[in-house]
Amino acid sequence: MSNLEQTVSSVALDPHREDNSTLSQKVPFEISRRVLQLLSWLAPVVLVIVWEAMAQGGFVSPQILPAPSKVIKTAFKLTTTGSLLNDLVVSLARAAAGFAIGGTVGFVLGTLVGFSRVAEAAIDRSVQMIRAIPFLAAMPLVIVWLGVGEAEKIFLVALGVTFPIYINTTLGIRQVDPKLLELGRVQGLSTLELIRRIILPGALPSILTGVRYALATAWLALVVAETIGAQSGIGFLAMDAREFLRTDVVVLTIVIYALIGVAADGIARFLERRLLAWHPNYGAAR
Amino acid sequence: MTVHIAPALTTASPAVVVTNLRRAYGKRIVIENLNLRIERGEFVVLLGESGCGKTTLLRALAGLDPIDGGRIVAPRRPAVVFQEHRLLPWDSLWRNVSLGLQAPDARQRAAAALSEVGLSERLDDWPRNLSGGQAQRVALARALVQEPELLLLDEPFAALDALTRIRMHALVRELVAVHRPGVLLVTHDVDEAITLADRILVMREGRIAFEHRTRTDGTAPITRAELLVELGVVAPSLINA
């Protein structure tokens with residue numbers, strides 16, 4: 001910024017320069033930003049077109065990588081025959097159930113530990129030790145406990161969700177400005193009002209960060225859980241397609257996982273914009 | 001609770017009475033044998049150099065710190081304005097002003113308080129859109145909406161620029177004249193004390209070492225220089241010379 005100002009002022013001081021030169025310095029800067037934005041969208045589109053052309057031209061075997069158009073056709077066919085929508089709903093329901101359970105456990109434990117040093121002493125070390133286990137490594141044990149049914153899949157998702165929510169809830173509550181807590185006492189707030197009016201809103205940015213991380217791990221857990229012993233769901237669709245070398249279906253499931261991941265992130269960002277409208281770093285411009 | 005809340009008996013009852021107050025951090029005594037009575041409508045300014053115990057006294061009166069001896073008797077919970085505005089960034093201005101207000105018409109009362117400090121248009125605005133002076137005016141509205149009998153001001157103008165501070169002085173004087181709480185203002189600013197106070201107290205080593213009534217006793221107003229001597233900033237010989 002100061003560099004720019006320096007250049008501008010030195011240009012202005014130079015009597016041999018014309019005014020136009022300062023203008024022409026600014027214009028390419030604005031154009032290049034727009035071009036860059038366009039380029040950022042153009043690149044993936046070109047990639048898909050090249051992919052399509054290669055597949056159509058027979059340079060890539062459909063067994064290795066089917067054409068995008070083929071994948072879209074497959075998506076349409078699977079939707080109309082009914083199995084795709086059903087699998088999608090099953091997967092989403094598993095993710096939602098696991099997220100609700102894991103989120104609740106993480107939030108409750110995080111709140112307890114955030115508020116109480118006693119709870120921290122009692123709970124935190126154990127939770128941190130369990131967290132150190134890559135939760136997917138616990139899968140064989142979970143299968144022994146719960147079999148390969150719905151419970152196992154929901155459990156794995158819940159396990160993956162619990163820790164990011166737990167850590168960020170604790171952190172958020174700890175980071176609430178003690179001066180605001182003091183103010184709450186001066187204004188005569190009860191403990192419950194203090195939590196509702198000051199502590200939870202203060203912790204919310206951190207909690208929502210936890211939600212975003214948790215959404216990512218929820219998907220990861222779901223993909224892995226569904227590739228083992230599933231009878232329905234997107235992951236089952238992919239495994240089933242692999243058996244029959246249906247790479248078009250496999251690519252479709254990968255794309256669906258990606259789209260849902262993007263959608264989940266969008267929801268998280270929407271929540272941040274809505275709930276943190278007051279926050280200079282998150283809130284939408286007035 | 002360290003502050004004894006006694007029901008107001010008559011209209012002449014004081015805003016606060018402090019008897020033999022003692023406060024120590026470990027072995028270090030910060031306040032010893034301090035007595036203070038503030039009437040309703042009386043504006044008391046407490047001066048003193050850093051570490052003399054004046055903020056400790058204010059925090060004890062606010063019920064924020066425990067006391068180690070003596071009594072503080074106040075008819076109701078005092079209201080406090082701190083050096084920082086301490087507005088909740090996630091609440092609109094009227095929600096901030098009505099924080100802790102147990103009334104069904106909280107919004108109307110907050111609106112009235114905000115218009116008193118000249119911010120009636122900003123009911124639903126966010127604190128982040130306020131200047132420092134505006135934020136401090138909201139903090140003042142939040143204190144006064146509680147209709148306190150004792151208003152504690154902890155260097156509330158220290159972080160403001162000189163012109164804003166002068167405007168705030170006028171506003172505070174106006175509001176105190178209307179609501180008539182007893183006021184205890186803690187400050188470093190000698191001119192502020194002379195401008196605002198009915199009574200100036202200077203605290204030294206945990207006691208009230210000097211007291212001066214500025215408006216009611218008809219004596220000549222205290223000068224800046226005399227106060228600076230009391231504060232130990234200027235040697236007495238410099239004035240007499």
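All of these numbers come straight from a predicted model, not from anything done at the bench. So that the names make sense, note that chain A is the first sequence line, chain B the second, and so on, each numbered from 1.
Listed options A:E182, A:E193, A:R185 were ranked by heavy-atom pairs under 4.5 angstrom with chain B; first place goes to A:E182. Residue with the most contacts toward chain A among B:Q146, B:R95, B:Q102: B:R95 (heavy-atom pairs, distance under 4.5 Å). Counting heavy-atom pairs closer than 4.5 Å to chain A, the top residue among B:V80, B:L99, B:L88 is B:L99.
When side chains are defined from C-beta on, B:R142 counts as touching A:L183, because their heavy atoms get closer than 4.5 Å. Taking the side chain as every heavy atom from C-beta outward, A:K179 and B:Q83 never approach each other to under 4.5 Å.
Using a 4.5 Å cut-off between heavy atoms, B:L101 makes no contact with chain A at all. With a 4.5 angstrom heavy-atom cutoff, A:L275 does not touch chain B via any of its atoms.
Applying the 6.0 Å contact sphere to CG of A:L192 captures no more than 12 heavy atoms from other residues, nucleotides or ligands. More than 12 heavy-atom neighbours from other residues, nucleotides or ligands sit within 6.0 angstrom of OH on B:Y25. The local environment of CZ in A:R174 is crowded, with over 12 non-hydrogen atoms from other residues, nucleotides or ligands closer than 6.0 Å. Counted within 6.0 Å of CD on A:Q128, heavy atoms from surrounding residues, nucleotides or ligands total more than 12; the atom is thus considered enclosed. Around atom CZ of A:F115, more than 12 heavy atoms belonging to other residues, nucleotides or ligands sit under 6.0 Å away.
Of all non-hydrogen atoms in B:W90 and A:I198, the two that sit nearest each other are CZ2-O, 3.3 Å.
Of the possible polar contacts, none joining the A:Q187 side chain to the B:G100 backbone as a donor-acceptor pair under 3.5 Å is found.
Ion pairing of A:R197 with B:D91 is present here, as a side-chain N (NZ or NE/NH1/NH2) and a carboxylate O approach within less than 4.0 Å.
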